[in-house]
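Structure first, commentary second.
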Amino acid sequence: MSTRTLEAPPLAQTNAAIDEPRWVRHLLMAVALSFLAIFLLLPLGQVLFSAFAKGAGAWWAAVTAPDSRAAICMSLLVTSLAVAANTLFGLCAAWAIAYFHFPGKRWLVTLIDLPFSVSPVIAGLIFILIFGARGWAGPWLSEHGIRIVFAWPGMVLATTFVTFPFVARTLIPLLQQKGSQHEEAALTLGASGWRMFWQVSLPKMRWALLYGVLLCNARAMGEFGAVSVVSGHIRGRTNTMPLQVELFYNDYQFEAAFALASLLAALALLTMGLKAFLEWRLRDELAATRGH
Amino acid sequence: MDIRIEGLSRRFGSVAALERIDLHIARGELVALLGPSGSGKTTLLRAIAGLEPADEGRILFGALDATRLPVRERQVGFVFQHYALFEHMTVLDNVTFGLRVKPRRWRPGRAEIERRARELLVRVQLEGLERRYPNQLSGGQRQRVALARALAIEPRVLLLDEPFGALDAKVRKELRGWLRGLQRTTGYTTVFVTHDHEEALELADRVVILNRGRIEQLGPVAEVYECPANPFVFEFLGSANVLPAVARGRELWLPGAEHPLTGDQIFPGGEVAVYVRPGDVRLAGADPAAIPARVIDLQRTGPRVTAQAELSDGTRLFMELPHLHHDVSQLSVGAAVRLRLLQFRAYSRADAQRPGAGRPDSRQPGAAPSGQGRIAAR
């Protein structure tokens with residue numbers, strides 16, 4: 001999980017005591033590498049190959065088709081709102097958990113992880129049960145002409161639910177390790193709470209925050225289960241990219257499905273690169289704190 | 001500016017971190033808050049800074065009642081144990097921070113801010129390092145940046161929380177002398193927290209000894225060291241032997257002694273505890289007025305000879321003798337000797353068994369079996 005990657009990498013030294021015979025080592029490496037090839041590289045290659053099977057023109061046509069464009073826009077809308085909401089929530093939760101003592105803190109820490117242990121489909125169903133036509137708030141909502149389920153607000157809610165641990169989870173250990181002394185120092189020097197936050201707290205957690213936002217964004221873009229339940233699959237209106245990929249596929253429009261999927265794959269590769277960079281920055285930062 | 005603290009209390013849940021503290025710190029004074037961990041010394045310092053609210057009592061800076069003043073308006077210079085430098089800012093930006101965040105009305109011009117910061121960096125001997133980042137500096141340099149940053153706002157008082165705690169011994173020694181000099185020349189009223197009694201004795205004009213949220217004793221350094229008010233203070237300021245004795249007026253009878261000790265304290269009579277530092281015990285040759293004892297352990301380590309002796313009732317005491325002290329060369333385990341106490345304090349048994357007395361770390365009253373001498377090595 002995201003927090004585990006903040007730890008130092010295991011030492012790359014070989015230990016004579018567990019030095020297996022040469023053929024065992026080779027076998028283990030072969031197994032690991034072939035898994036990587038079969039389960040990661042092969043599908044990724046297949047996606048890109050199929051997407052461009054009929055040339056770049058066909059790819060471009062598939063990506064810019066009205067349904068695809070609508071799905072891309074919907075994905076961007078849903079993701080940006082969910083990420084913004086979770087950044088705000090993550091900051092508040094991490095700040096409260098790292099700096100304050102309050103009853104129920106332990107519960108909050110545990111509950112933040114809930115979305116990781118709940119199946120996304122169940123998460124989607126929760127929102128149907130609350131906001132759906134026969135849900136608790138359904139009658140009141142339809143009376144006032146507000147649509148949540150089978151419309152973008154429901155999809156934003158479901159995505160937010162599924163991705164909300166990311167930012168909080170990356171910030172909490174950082175804040176706990178760095179402590180609140182910097183903030184206290186800023187206050188004794190006469191800074192207002194506002195200045196303290198923008199000039200001291202935010203720079204202090206910038207890399208961890210970016211890291212959390214990045215993971216949150218990747219997960220939000222790729223979310224399928226929860227969004228699938230609440231979207232209602234209205235073509236050109238409530239489909240995100242992953243949902244549209246499935247629709248194309250079911251309609252035997254393989255080129256279009258793979259073209260759209262290639263965009264998601266590209267996003268995944270970009271995320272991985274950025275993630276590696278941020279992890280490197282974060283390690284530096286934490287090492288600097290420990291060095292004090 | 002002088003600091004006046006009146007009846008200050010602070011509780012954390014059911015634990016009293018500070019209990020009705022009264023303290024006056026004169027203008028320009030350098031005062032050490034000294035005590036074991038959990039004694040409330042850091043809470044007191046943070047309360048003066050406004051980082052910790054007061055449940056009861058008042059804090060005054062000169063004529064200004066600062067009790068309800070928020071931290072940012074108190075204008076105190078606070079130096080944290082781990083420096084708390086802003087890692088993403090250069091040394092210069094760290095030092096100018098307090099001036100840059102002032103409301104526009106009072107903020108000096110940019111050139112003036114930089115001029116002042118450079119002046120301070122010269123004062124803390126860091127000129128030329130303006131463009132460095134904190135992680136490019138040594139511990140001692142970081143501490144001095146933190147000090148310059150605190151001084152930049154021209155604080156009413158300067159507060160330091162274990163300022164040398166995170167530094168190695170050599171740098172610590174250097175910085176102490178340097179801080180003393182800086183405080184003399186700038187004249188800031190300064191309060192610092194430490195758990196190291198040597199540091200407090202070396203640096204401060206006055207020390208305040210805290211234990212369990214109360215002031216045990218306060219006074220000039222020499223006075224506190226020579227006349228500890230109670231067993232806690234005595235043991236906190238160095239090693240101590242505790243000897244049982246019987247008091248009659250001014251006279252104190254130690255076990256097996258043919259002649260009494262005469263102290264300057266008068267006791268109503270009955271059992272008392274005599275406290276003596278290992279370094280204040282001497283051999284007395286064949287002086288019949290001295291205390292008879294038997295050597296049971298002996299260690300010669302360079303300039304010092306440490307020995308353990310047993311009184312006639314089995315009470316043991318440690319002594320540290322200079323290696324050139326007469327008779328030391330003939331000293332051997334099992335030898336009968338007579339001892340003289342150069343300096344000692346006697347406390348009534350009730351005082352010695354008060355909770356929190358005795359070894360500062362062992363919180364059990366009467367942890368020492370009575371009649372047994374023991375050493376509180378610190």
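Residue numbers start from 1 in every chain, and the chains themselves are labelled A, B, ... in the order their sequence lines are given, proteins ahead of strands. The figures here come from the full heavy-atom set of this structure, side chains too, leaving out hydrogens, waters and symmetry mates.
- Residue-environment remark: CZ (A:Phe102) exceeds the threshold of 12 foreign heavy atoms within 6.0 Å.
- By the 30° and 60° cut-offs, the orientation of the rings of B:Phe78 relative to B:Phe80 is tilted.
- In this structure, A:Asn86 contributes its side chain and A:Thr160 its backbone to a donor-acceptor pair below 3.5 Å.
- Residues of residues 61-75 of chain B lying within less than 4.5 angstrom of chain A, judged on heavy atoms, are B:Val71, B:Arg72 in numerical order.
- Note: B:Arg149 leads B:Gln81, B:Arg149, B:Arg100, B:Met89 in heavy-atom pairs under 4.5 Å with chain A.
- Using a cut-off of 4.0 Å between Lys/Arg side-chain N and Asp/Glu carboxylate O, B:Arg118 and B:Glu127 are scored as not salt-bridged.
- A distance of 10.5 Å separates CG of A:Leu209 from CG of A:Leu278, quoted to the nearest 0.5 Å.
- The side-chain heavy atoms of A:Leu260 and A:Leu263, taken from C-beta on, include a pair separated by under 4.5 Å.
- For A:Ser180 (side chain) and A:Glu183 (main-chain N/O), no donor-acceptor pair under 3.5 Å exists by modelled atom type.
- Proximity to chain A (any heavy atom under 4.5 Å) is restricted, for B:Arg46, to the side chain, taken from C-beta onward.
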